[in-house]
Visitor: 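First the structure, then my questions, so here it is.
Quick note on labels: first sequence line is chain A, next is B, and so on, each numbered from 1.
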Number of protein chains: 2
Amino acid sequence: MNYSRQREAIISVLKNTTSHPSAAWIYDRVRIQIPNISLGTVYRNLAALEKEGMIVKVPVGDACEHFDGDTTPHSHFYCKSCEAISDIPFDPSDALKTAEANHGFEVHSVTYTFTGICKECLKDKN
Amino acid sequence: MNYSRQREAIISVLKNTTSHPSAAWIYDRVRIQIPNISLGTVYRNLAALEKEGMIVKVPVGDACEHFDGDTTPHSHFYCKSCEAISDIPFDPSDALKTAEANHGFEVHSVTYTFTGICKECLKDKN
DNA sequence: GAGAAATCAGTAATCTTTACTAATTTTATT
DNA sequence: AATAAAATTAGTAAAGATTACTGATTTCTC
């Protein structure tokens with residue numbers, strides 16, 4: 001993989017947020033530095049980085065894909081109300097070993113997603 | 001929610017497969033019974049059934065959404081090679097309790113997705 | 001059976017993502 | 001530093017998934 005300024009900027013955006021952003025959000029951020037970057041470039045690089053294991057996809061079941069620059073073992077919480085994705089320090093790696101041992105799969109990653117209503121949104125309801 | 005023949009057919013398709021199908025797949029199946037059903041009807045009913053908790057979304061990070069008629073606690077394995085989604089009898093409900101207790105979220109569901117290469121695809125490689 | 005509410009079929013529109021192409025940038029080599 | 005091959009990009013077009021809309025049909029309640 002050759003160097004590119006665009007890819008560096010995308011990595012930098014992803015490594016400096018905990019918001020698990022979509023491609024569109026990343027595009028908006030990167031455009032501050034590189035105003036004429038193409039949305040296709042963002043998508044292409046996100047796919048390449050995911051393939052290399054440098055970033056992680058976080059599918060939560062809303063309209064679009066989300067990405068995470070933090071590849072250490074942890075879990076996610078998706079709020080159905082405000083649609084935010086937050087981290088939960090829950091290491092799923094034990095389950096990974098169990099799955100490989102019991103089912104014969106070659107497991108590359110485990111995504112553990114909790115869905116519900118977050119603390120802030122619960123507050124707003126009362 | 002009023003009765004509709006279309007919704008019954010959709011539920012029936014979902015309850016009689018373990019393949020975690022997409023809306024398009026469900027549409028094709030239901031059309032055998034109801035040839036002029038509309039794709040929009042399938043989407044609308046899937047959303048309504050999911051809201052009611054009668055079915056479950058299974059986001060795996062491919063192009064489209066998948067659905068599961070089995071709402072009992074279990075987990076999923078997504079094969080990156082053949083793109084099949086299979087069940088794993090891994091009950092995530094303990095983790096749910098942990099998340100609620102430690103983080104104050106109101107957790108509605110937990111999605112535990114393993115991603116990798118399934119047994120059959122591993123066989124094909126050799 | 002009649003009226004109100006819910007649902008539907010069919011179509012159009014929207015949104016996300018991918019594909020394509022000619023131009024630019026990077027890398028390796030001299 | 002100049003050069004050629006390979007990788008990457010911007011910009012645009014196309015594809016695919018999902019939602020929105022409208023007038024007609026079906027379901028429910030009385």
Visitor: Specify the residue among A:S22 and B:S4 whose closest nucleotide of DNA chain C lies further upstream toward the 5′ end.
Guide: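 Looking at the nearest nucleotide for each, B:S4 comes out on the 5' side.
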Visitor: Which nucleotide wins on minimum distance to the side chain of B:L39, given the candidates D:dT18, D:dT27, C:dT27?
Guide: D:dT18
Visitor: Within this structure, what is the CD-to-P distance between A:E8 and C:dT26, rounded to whole angstrom?
Guide: 11 Å
Visitor: What is the nucleic acid contact for A:Y3, judged by heavy atoms within less than 4.0 Å: base, sugar-phosphate only, or nothing?
Guide: sugar-phosphate
Visitor: Using OP1 and OP2 only, check whether a side-chain N or O of A:Y43 sits under 4.0 Å from C:dT18.
Guide: no
Visitor: Taking C-beta and beyond as the side chain, do B:F77 and A:V107 meet within less than 4.5 Å on heavy atoms?
Guide: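 They are in side-chain contact.
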Visitor: Quick one: which of C:dT17, D:dA10, C:dA9 gets closest to the side chain of B:Q6?
Guide: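 Within the option list, the nearest is C:dA9.
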Visitor: In whole Å, I'd like the distance from the CD atom of A:Q33 to the P atom of D:dT9.
Guide: 14 Å
Visitor: Of the nucleotides C:dT17, C:dC8, D:dT9, which one has an atom closest to the side chain of B:N45?
Guide: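 Looking only at heavy atoms from C-beta outward on B:N45, the closest nucleotide is C:dC8.
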Visitor: Output the rounded distance in Å from CZ (A:F67) to C1' (C:dT17).
Guide: 10 Å
Visitor: Please report, rounded to the nearest Å, how far the C1' atom of D:dT19 is from the OH atom of B:Y27.
Guide: 15 Å
Visitor: Nearest whole Å is fine: how far is D:dG16 P from B:H66 NE2?
Guide: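 Result: 16 Å.
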Visitor: If each of B:R5 and B:A23 is mapped to the nucleotide of DNA chain D with the nearest heavy atom, which maps nearer the 5' terminus, i.e. the 5' end?
Guide: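 The residue closer to the strand's 5' end, by nearest nucleotide, is B:A23.
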Visitor: Between A:R44 and B:P35, which is nearer to the 5' end of DNA chain C once each is assigned its nearest nucleotide?
Guide: B:P35
Visitor: Would you mind reading off the distance between B:N2 atom CG and D:dT27 atom P, rounded to a whole angstrom?
Guide: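 In whole Å, D:dT27 P lies 9 Å from B:N2 CG.
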Visitor: Looking at D:dT9, I'd like to know if its phosphate oxygens (OP1 or OP2) sit under 4.0 Å from a side-chain N or O belonging to A:T41.
Guide: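 Indeed not, no polar side-chain atom of A:T41 lies that close.
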Visitor: Would B:F67 end up clustered with B:V56 when hydrophobic side chains under 4.5 Å apart are linked, directly or stepwise?
Guide: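 Cluster IDs for B:F67 and B:V56 differ.
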Visitor: I want to verify a distance call: between C:dG10, D:dA17, D:dA10, whose nearest atom is closest to the B:C64 side chain?
Guide: D:dA17
Visitor: Side chain of A:M1, heavy atoms from C-beta onward: which of C:dA6, C:dT16, D:dT8 has the nearest atom to it?
Guide: D:dT8
Visitor: Distance check needed: D:dT8 P versus A:I34 CD1, whole Å only.
Guide: 15 Å
Visitor: Is A:E65 close to A:L46 at the side-chain level, that is, under 4.5 Å between some pair of heavy atoms?
Guide: no
Visitor: Rounded to the Å, how far apart are A:L49 CG and D:dT8 P?
Guide: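 So the CG-P distance, A:L49 to D:dT8, works out to 11 Å.
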Visitor: Would you indicate what A:I37 reaches in the nucleic acid, counting non-hydrogen atoms under 4.0 angstrom: base, sugar-phosphate, or nothing?
Guide: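 Sugar-phosphate, no base atom in range.
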Visitor: Can you check whether A:H66 reaches A:C64 side chain to side chain, under 4.5 Å on heavy atoms?
Guide: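 Yes, their side chains come closer than 4.5 Å.
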Visitor: Does NZ or CZ of B:R7 come closer than 6.0 Å to the centre of the six-membered ring of B:Y3, within 45° of the ring's axis?
Guide: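 That pair does not qualify as a cation-pi contact.
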